[in-house]
Amino acid sequence: MAVLDPYTVPLTRVTAAHLLRRATFGPTPAEITAFVGQTAAQAVQTLISNGNYNPPPPVEVDADQPGAGQSFLDKPFNGGRNFQFGYAIKYWWLGLMSQQTGGPALLDKLTMFWQNHFVTTRTVVDDYRFVDRYLRLLRNNALGNFRSLVIAVSKDPAMLRFLNGNENEAGKPNENYARELQELFTVGAVDFAGNKNYTEDDVKAAARVLTGWNYTNFWTEGSTSFTTTFTIGRHDTGSKVFSSHYSQTTIAGRSTATAGDDELTDLVTMLLAHPQTAKFICRKLYRWYVNPHVTQAVEDAVIAPLATFFASPSNDFAIQPVVVKLLTSQHFFDNTNRGCIVKSPAELIVGSIRFFNQPVPNSTTDYVAFGKLMDFMQWRMDQLQMNTLDQPTVFGYEPYYQTGFSKNWMNTTTIAMRNEFTDSLIWRWFEVKPGYNLGIDVLAWATSLQTNFNNVPSATNPTGTPAISCETILTAFIADLFATDLYQTQKDFLIDTIMMQSLPRTSWGFEWNAYRTALTTNAGDLNWRRNTVTWRLQNLMRYTLRLAEYHVF
């Protein structure tokens, strides 16, 4: 049976969690519960249908600024706030990733895939309006048609600026975009065996095709609009001949007003007809969703047939059917593909916010708190090598293309910073706003596990409800947390060494019941009892989150 055949077994809690972790930035426990029993096809369709294509716009989050809490994109360009508004767009996107309203959706994680594929950065583009339009282009077309997306990206103002397309004109060609269009965006530099997919002359010919494009009103103070332009006088109207990699295709030169669009369409048609283009894109999607390591067996059994489907006349480079086929395949749910990807900073940080049900303030009605939380998340992601909308190079984030792939998210510096972030969820030192400190109230959480909390067993109440056990606490805390099960030795270590500090487990029941008694009868030193049990719970949860398995999914 082909590995891309549909997975038809109803989703269990384990397989539902696996799908949600990979298709989104991370599920809440309630979302996992809601997906149990669905087929993979039903679940993926729900993830697609839940996409919100009309979210509220980014807003000014500085309370001291005019227009605080209001959209700035519908106002004239404000150069004095260019930097801040660029960050507001970052916060807006992080908020969409983190929000827990409207049901889980795959839209924004797939948007991140495309934004890391067709890279432009806020720092180089340097006009917040260009950044916003480009992000929305990718987001609105993330599940659309790859052919249409490549054409739109090629003449978008942000991409024209980022890769110098605006400087590319007849007689003075700039080859930056023509090179990256082939190397990174369509055919790939080499095939799976390492053979080159195009020549330097192909880059030169493509650059000639792409001459004549520009944009208007970049950084123009007070301007209310901007657009892409094509000037025939700047366009190379001669014919362009390509190498045997493209079957010696000739793109006829044009001199009409539509020459730019016509030749661009011909160029993209040629690039997509290259036998390696569909494989290159499907291979990247596979590494994003399934496993960073593509073996020859995977190339033959998964990538090749998926690429054939992607480029088939019936599909014609539609993206959604390919994503659906991959995420609903038997191969996707194979046990060997669980726990094989190191979490990116987004999956760690956004995923933790969602998993532990940390409220995301409303960006328009509670914009100061929203900005403060998003700033906290953004800067920690930046420290962990994932500066949203600001990749270090046109290649994207290093762990998505360098040898080793997702393992590159982890080093001696970043593992310590990851631990600092998960520690912040336990210590709860970051105040989002008065009354809301980010993190887990461990005592309240443990109390919720105790049935009949006030019915404490004692000499005068021998039938009282026994204390929750260490095992019960650990089992409840690790539910849905790990992609693969902990070993019993790991569980024993967490309880005996971390939580109990080598004291007998039975002593926990005494400490917990003493706290219950002190709280319900006002007898004894309540603060001392509370501090003792809180310290044990915090230690257990802190080191559970630090386990390496928490960093993979």
Subject >> Which residues share a ring-ring contact (aromatic ring centres under 6.0 Å, His included) with F493, sequence neighbours left out >> reply: none

Original post:
Taking only residues two or more places apart in sequence or in another chain, which ones pass ring-ring contact (aromatic ring centres under 6.0 Å, His included) with Y215?
Top reply: F130

Original post:
Can we say R380 and E420 salt-bridge, meaning some charged N sits less than 4.0 Å from an Asp/Glu carboxylate O?
Top reply: no

**OP:** Scan for side-chain hydrogen bond (donor to acceptor under 3.5 Å, both in side chains) pairs involving residues 432-443, sequence neighbours excluded, and state none if there are none.
**Re:** D366-K433

Original post:
Side chains of S49 and Q45: is there a donor and an acceptor less than 3.5 Å apart?
Top reply: yes

**OP:** Any ring-ring contact (aromatic ring centres under 6.0 Å, His included) involving residues 343-375? Give me the pairs, sequence neighbours left out, ordered by first then second residue.
**Re:** none

Subject >> Donor-acceptor side-chain pairing of T414 and N411 below 3.5 angstrom >> reply: yes

Subject >> Audit row: D390, K90, salt bridge (Lys or Arg N to Asp or Glu O under 4.0 Å) steps and yes/no >> reply: CA-CA 10 Å; D390 273 315; K90 289 176 181 256; 2.9 Å; yes

Original post:
By salt bridge (Lys or Arg N to Asp or Glu O under 4.0 Å), which residues pair with D132, not counting sequence neighbours?
Top reply: R136

Original post:
So is K109 actually on top of Y289's ring, under 6.0 Å and inside 45° of the axis?
Top reply: no

Original post:
side-chain hydrogen bond (donor to acceptor under 3.5 Å, both in side chains): which pairs involve residues 16-28, sequence neighbours left out?
Top reply: none

Original post:
For W528, what residues pass the ring-ring contact (aromatic ring centres under 6.0 Å, His included) criterion, not counting sequence neighbours?
Top reply: none

Original post:
How would you list, by chain and number, every residue that makes a side chain to side chain contact (heavy atoms under 4.5 Å, CB included) with A479, sequence neighbours excluded?
Top reply: none

Subject >> Q38: partners by side chain to side chain contact (heavy atoms under 4.5 Å, CB included), with sequence neighbours left out >> reply: F35, Q42, A43, T46

**OP:** Answer yes if the side chains of N539 and R536 hold a donor-acceptor pair under 3.5 Å, and no otherwise.
**Re:** no

**OP:** Step through it carefully: locate the ring centre of F226, locate the ring centre of F218, and say whether they are under 6.0 Å apart.
**Re:** no

Original post:
Side chains of N387 and Q378: do they bring a donor and an acceptor to under 3.5 Å?
Top reply: yes

Original post:
Is the ring centre of Y134 less than 6.0 Å from the ring centre of F162?
Top reply: no

**OP:** Please name all residues satisfying side chain to side chain donor-acceptor pair (under 3.5 Å) with T532, sequence neighbours left out, ordered by chain then number.
**Re:** none

Original post:
Can you name the ring-ring contact (aromatic ring centres under 6.0 Å, His included) partners of W445, sequence neighbours left out?
Top reply: F477

**OP:** Please identify each residue that fulfils side chain to side chain contact (heavy atoms under 4.5 Å, CB included) with A105, with sequence neighbours left out.
**Re:** N50

**OP:** May I ask you to check whether W288 and F405 place their ring centres under 6.0 Å from each other?
**Re:** no

Original post:
In terms of side-chain heavy atoms, does T12 have a donor or acceptor partner in T15 at a distance below 3.5 Å?
Top reply: yes

